[in-house]
Amino acid sequence: MKKVLVTTVPFGTIDSQPLDLLAGQKGLETVINPIGRRLTSPELGDLIGDVSILIAGTEPIERSSLERAAKLKIICRVGIGLDNVDLECAAERGIKVTYTPDAPAPAVAELAIGQMLNLCRFLARTDQDMRQGIWKRRMGRRLATSTIGVIGAGRIGSRVLRHLSGFAPNQVLVNDIVSIDQLCSETGATFASKDRIFAEADIISLHVPLDASTRDLVSMPQFEQMKSSAILINTARGGIVNEADLLIALQNETIAAAAMDVFEQEPYEGPLRFQDNCILSSHIGSCTTDCRFAMELEAVEDALRHVRGETLHNEVPMECCPP
Ligand code: NAD
């Protein structure tokens with residue numbers, strides 16, 4: 001029997017089809033994450049020794065674990081971010097890596113738009129006020145009268161731009177490291193440097209991967225460039241926004257507010273929880289029933305293609321792998 005370890009949680013709860021498919025494949029034994037939350041690196045290392053197929057979440061998949069995984073042949077990431085996987089070590093050990101790049105995008109893009117509206121209209125804060133007996137009519141702003149900056153215009157960022165065009169914002173500024181001329185002409189967005197976005201945008205939404213070029217992309221120097229009325233939204237990855245600097249910027253009202261879905265350490269237990277002008281969510285970007293189901297199914301389908309010796313549909317492209 002080949003062992004399949006499913007570390008991402010929850011899994012198979014929206015629809016049992018991904019688990020049923022694994023159960024229906026002869027020669028596989030499936031084990032679900034026994035800890036029930038994102039594993040730490042040592043926890044994964046302890047579980048991975050006899051595993052052939054890893055259906056993975058965002059837990060760190062480091063060299064120290066992979067070196068204990070003598071039987072591991074494939075990692076199927078349920079999601080798009082690969083910052084948690086030591087791709088170099090996987091390649092050295094001949095371990096294939098697949099991902100589900102398209103499935104999460106609709107849900108994450110809608111969350112980003114939702115947090116723009118939430119922060120612009122003080123929805124969460126007004127709810128908190130009322131629960132404390134405070135009837136306060138806060139004056140918000142509309143997306144139509146805002147300059148909105150989008151950093152990263154791939155699968156998620158491009159959807160955000162398309163959704164935004166329905167709100168007819170004052171101006172949409174967008175930054176990417178690849179050419180996005182066509183997207184700009186389709187959506188009416190204007191290509192801009194990151195510095196211009198930090199300085200001019202009322203709302204900034206991040207949609208870049210976490211890598212060496214984006215770690216601490218938004219730190220104190222960038223907060224100091226921003227308007228004191230600026231709103232920052234991070235549905236991309238923890239580590240792209242420097243959390244210690246964000247806390248200071250929110251406390252000092254260097255910027256007005258932030259919404260954070262992703263954190264350097266998850267589950268997040270840090271001091272941003274006590275900051276009224278920071279809306280927190282528990283890495284729920286992809287958590288809609290349709291997107292999550294699609295992610296689980298696509299990951300399992302590639303795992304089964306691997307077992308049957310078929311061509312994988314979503315093998316991570318070489319350009320994502322370090323030289
Ligand atoms: P994608 O690869 O389709 O798009 C990323 C874009 O960022 C690309 O266009 C790329 O050229 C650009 N980029 C890379 N480095 C850049 C830089 N330094 N400056 C400017 N642009 C840069 O990825 P995607 O599907 O849009 O996802 C983006 C990120 O969102 C993922 O890497 C992942 O970390 C995160 N994500 C979060 C959740 C969640 O649950 N919150 C779910 C899915 C994805």
Side-chain angles (χ1 to χ4, degrees), residues 8-10 38 56-60 77-85 87 97 99-115 149-163 173-184 187 189 191-198 201 204-219 222 232-241 258-264 266-268 279-296 298-299 314 316-322:
T8 186
V9 280
R38 177 153 97 166
T58 56
E59 66 282 352
R77 257 286 285 131
V78 179
I80 182 171
L82 294 163
D83 50 281
N84 60 317
V85 185
L87 293 172
V97 183
Y99 64 163
T100 63
D102 297 308
V108 184
E110 287 186 18
L111 178 67
I113 298 287
Q115 292 296 35
V150 172
I151 301 185
R155 294 171 181 86
I156 297 170
S158 63
R159 279 179 176 269
V160 168
L161 292 175
R162 291 196 173 90
H163 290 317
L173 303 175
V174 56
N175 177 267
D176 202 295
I177 49 170
V178 297
S179 166
I180 49 166
D181 293 347
Q182 194 181 336
L183 182 66
C184 287
T187 59
F191 186 89
S193 68
K194 292 184 181 71
D195 282 342
R196 181 172 171 204
I197 291 177
F198 293 136
I204 299 169
S205 195
L206 304 174
H207 302 289
V208 288
L210 174 64
D211 61 21
S213 76
T214 60
R215 182 167 289 283
D216 287 334
L217 179 72
V218 188
S219 301
Q222 289 71 40
L232 175 71
I233 295 164
N234 185 12
T235 57
R237 272 293 178 276
I240 296 172
V241 175
M260 298 281 282
D261 185 50
V262 283
F263 303 89
E264 285 164 31
E266 296 179 6
Y268 179 75
I279 304 294
L280 307 178
S281 54
S282 48
H283 202 145
I284 57 165
S286 65
C287 292
T288 64
T289 51
D290 61 332
C291 290
R292 188 70 199 176
F293 174 60
M295 290 160 68
E296 293 177 5
E298 285 175 22
N314 283 312
V316 169
M318 284 311 289
E319 61 264 27
C320 293
C321 300

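Both ligands and their constituent atoms are indexed starting at 1 by order of listing. Predicted model, so just to flag it, every value in this text is computed and none were measured.
With no hydrogens or angles considered, no side-chain donor-acceptor pair links Asp195 and Ser193 at under 3.5 Å.
The residue from Thr214, Asp176, Asn175 that alone fulfils the side-chain contact (heavy atoms from CB on, under 4.5 Å) condition with Ile151 is Asn175. The one candidate from Ile180, Ile156, Thr187 that meets the side-chain contact (heavy atoms from CB on, under 4.5 Å) condition with Leu161 is Thr187.
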Enumerate the pairs of nitrogen or oxygen atoms, one from ligand 1 and one from the protein, separated by less than 3.5 angstrom; state names and distance to 0.1 Å.
| unit_1 | atom_1 | unit_2 | atom_2 | d |
| --- | --- | --- | --- | --- |
| ligand 1 | 3 (O) | Arg155 | N | 2.9 |
| ligand 1 | 3 (O) | Arg155 | NH1 | 2.9 |
| ligand 1 | 9 (O) | Gly154 | N | 3.4 |
| ligand 1 | 9 (O) | Asp176 | OD1 | 3.4 |
| ligand 1 | 9 (O) | Asp176 | OD2 | 2.7 |
| ligand 1 | 11 (O) | Asp176 | OD1 | 2.6 |
| ligand 1 | 18 (N) | Ser213 | OG | 3.0 |
| ligand 1 | 19 (N) | Lys194 | NZ | 2.8 |
| ligand 1 | 26 (O) | Arg155 | N | 3.3 |
| ligand 1 | 26 (O) | Ile156 | N | 2.8 |
| ligand 1 | 34 (O) | Ala236 | O | 3.4 |
| ligand 1 | 34 (O) | Arg237 | NH1 | 3.4 |
| ligand 1 | 40 (O) | His283 | NE2 | 3.3 |
| ligand 1 | 40 (O) | Gly285 | N | 3.4 |
| ligand 1 | 40 (O) | Ser286 | N | 3.3 |
| ligand 1 | 41 (N) | Thr235 | O | 2.9 |
| ligand 1 | 41 (N) | Asp261 | OD2 | 3.0 |

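Taking 4.5 Å as the limit, every side-chain heavy atom of Val108 sits out of range of all side-chain heavy atoms of Arg155.
Using a distance-only test at 3.5 Å, with no hydrogens or angles considered, no donor-acceptor pair links the side chain of Asn234 to the main chain of Met260. Asp83 places no side-chain N or O within 3.5 Å of a backbone atom of Leu210 that could act as its donor or acceptor partner.
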